[in-house]
Protein chains: 2
Amino acid sequence: MQSMQNPVPKATAARIPAYLRYLKGEAAKGVGCVSSAAIARDMGLSAVGVRKDLSLVSSRPGRPRLGFEVRQLISDLEKFLGYDHWTDAVVIGAGGLGRAMLAYDGFENYGIHVVCAFDVAPEKVGSFGGKPVYPLDRLPQIAARNAVKVAVLAVPRSAAQAACDAAVSAGIRAILNFAPVYLTVPEGVKVRYEDLAVALAQLCGE
Amino acid sequence: MQSMQNPVPKATAARIPAYLRYLKGEAAKGVGCVSSAAIARDMGLSAVGVRKDLSLVSSRPGRPRLGFEVRQLISDLEKFLGYDHWTDAVVIGAGGLGRAMLAYDGFENYGIHVVCAFDVAPEKVGSFGGKPVYPLDRLPQIAARNAVKVAVLAVPRSAAQAACDAAVSAGIRAILNFAPVYLTVPEGVKVRYEDLAVALAQLCGE
DNA sequence: GAAATATCGATAAATTTTTATCGATTCCTA
DNA sequence: TAGGAATCGATAAAAATTTATCGATATTTC
């Protein structure tokens, strides 16, 4: 594993989650070792590139004639991605997508704990999937109390900027935005756009 | 706009949806022209890169002192992305996420028509958001009748590979997969992974 | 136990992508 | 109407990324 002096290239870092997904699939099949050639074939990459990527994020070398040990690799990749320490997050908007995010159990695998959701509509307040849904105006209080810095924005387009502003003033510093809207945020707040329509459109156009 | 001899770089193509999202936001604000410097500032890119990107996908040049005409740009970007011809898609899985996808009205903006959903559970069959939900075993028939080639996979992890196989044998050639599972597909079938947990995890780790 | 072979890791070359520089153009203002 | 200022587009340089090549090594097979 490289230290800070030799940072991992962005292009490599962007591929790590895909490696992790693939390796977990192999591990579930009971595969113990996997070669760079096999990874490359299955994932549509080049074997040389795979070896280079893995050498940058994993300390343990691959073994000639065998390849890489799957479980060791998974452990190293998770450590690289920071899945070994926990982060709290909240969901803003308890409609279809918001509820799906609230109930989704897959976050636990990535060191993320989704605490609760918020919504302006009184009829959405209550609980879903075993987690509470609060009125949006309690966001500042609850975010501050739990020191939550990450929010998932799952509100309609028209409400997105307002909800974003509320989140930012409540101390949120990173936003995963599902609304198809470009958000204006202060310096230092990170926004990641996850436009499901774009994802589908790109797939169609390939 | 470049022709086939000079294909648009992959890195540029990957940024086009972000440009489009930004430009639509500006258009909604009533902005008529926008400079490369303004785009770069708001989107966190370099002005030179923005000009290069835009010159590759838009035929109309920017004008000194004014910048680029927003509506013209939007039109060109949409044409580049293929949003000017329609594609049908189906959703497999009518749980929380599947229903959200079925009811989401944003696809229309991208030339995508979500036809219906499928689910194995009888109690999910019926309709949602004005669109029908069929039993999964009707997928081959309906996909063939409508010549649908694109599917959104929104089923639990344990059902993903089986649903994928069913989709492929029903003639589906492109899959947007939300299940956190690596799918094995025949040659020629495209899979795009959209792991919401990974998206959130990456945001946390940045 | 020795040869064959599959695989790795490192170095180097090629390609792609980003960034810098600068003259040309057009609009705004006095 | 002339000067100034902001912006574009093109060319060139720099950086990043991908791909190719090859000797070294460990496992398998005979």
Side-chain angles (χ1 to χ4, degrees), chain A residues 1-19 22-23 26 31-74 76-77 80 206, chain B residues 1-19 22-23 26 31-74 76-77 80 206:
Chain A
M1 183 136 26
Q2 298 292 109
S3 57
M4 290 308 139
Q5 288 79 12
N6 260 28
V8 172
K10 285 182 296 180
T12 293
R15 282 187 293 267
I16 302 302
Y19 285 122
Y22 172 77
L23 291 168
E26 294 304 293
V31 175
C33 275
V34 64
S35 71
S36 62
I39 298 175
R41 166 173 42 77
D42 292 344
M43 293 185 56
L45 303 171
S46 81
V48 174
V50 170
R51 288 203 295 277
K52 178 147 281 189
D53 283 345
L54 295 184
S55 75
L56 291 171
V57 286
S58 176
S59 47
R60 287 283 156 198
R63 289 159 63 187
R65 189 95 189 189
L66 285 179
F68 299 84
E69 198 186 335
V70 172
R71 293 168 68 164
Q72 176 72 51
L73 265 192
I74 289 174
D76 285 350
L77 298 196
F80 171 78
E206 270 170 12
Chain B
M1 184 135 28
Q2 299 292 107
S3 56
M4 289 308 139
Q5 289 79 11
N6 260 29
V8 172
K10 285 182 295 181
T12 293
R15 282 187 292 266
I16 302 302
Y19 285 122
Y22 172 77
L23 291 168
E26 294 304 291
V31 175
C33 276
V34 64
S35 71
S36 63
I39 298 175
R41 167 173 40 79
D42 291 344
M43 293 183 57
L45 304 171
S46 81
V48 174
V50 169
R51 289 203 295 276
K52 178 147 280 186
D53 283 345
L54 295 184
S55 74
L56 292 170
V57 283
S58 177
S59 47
R60 288 284 158 197
R63 289 160 64 190
R65 188 90 192 194
L66 285 179
F68 298 86
E69 198 186 336
V70 173
R71 293 168 68 165
Q72 175 73 50
L73 264 191
I74 289 174
D76 285 350
L77 297 195
F80 171 79
E206 270 171 12

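The structure presented is a predicted model; accordingly, all values stated were derived computationally and were not measured. Letters A, B, ... mirror the listed sequences (proteins, then strands); counts begin at 1. Side chains included, hydrogens not; waters and symmetry mates left out as well; all remaining heavy atoms used.
When side chains are defined from C-beta on, B:F68 does not count as touching B:R60, because their heavy atoms never get closer than 4.5 Å.
Remark: side-chain polar atoms of B:S58 are not paired, donor with acceptor, to backbone N or O of B:S55 under 3.5 angstrom.
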| query | What string of B, S and - do you get for nucleotides 25-30 of chain C, 5' to 3', if B is base contact, S is sugar-phosphate-only contact and - is no contact with any protein heavy atom under 4.0 Å? | reply | BBB---
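The distance from the CD atom of A:E69 to the CD1 atom of A:I74 is 10.0 Å, given to the nearest 0.5 Å. Separation of atoms OG1 (B:T12) and NZ (B:K52) is listed at 9.0 Å; rounding is to 0.5 Å. Separation of atoms CG (A:D42) and OH (A:Y22) is listed at 3.5 Å; rounding is to 0.5 Å.
As a whole-Å value, the separation of A:I39 CD1 from C:dG9 P is 11 Å. The nearest whole Å value for the distance from the CZ atom in A:R41 to the C1' atom in C:dA6 is 14 Å. Atom P of nucleotide D:dA26 and atom CZ of A:F68 are separated by 15 Å, given to the nearest angstrom.
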Could you list all N or O pairs between the protein and nucleotides 17-21 of chain C that sit under 3.5 Å apart?
residue	atom	partner	partner atom	Å
C:dT17	OP1	B:A11	N	3.4
C:dT18	OP1	B:R15	NH1	2.7
C:dT18	OP2	B:R15	NH1	3.4
C:dT18	OP2	B:R15	NH2	2.8

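Considering only residues two or more places apart in sequence or on other chains, B:R15 meets the salt bridge (charged side-chain N to carboxylate O under 4.0 Å, His left out) condition with B:D53.
Taking each heavy atom of A:S36 and A:A47 in turn, the nearest pair found is CB-O, 3.8 Å. Residues B:V8 and B:A13 share a closest heavy-atom pair of CG1-N, 4.1 Å.
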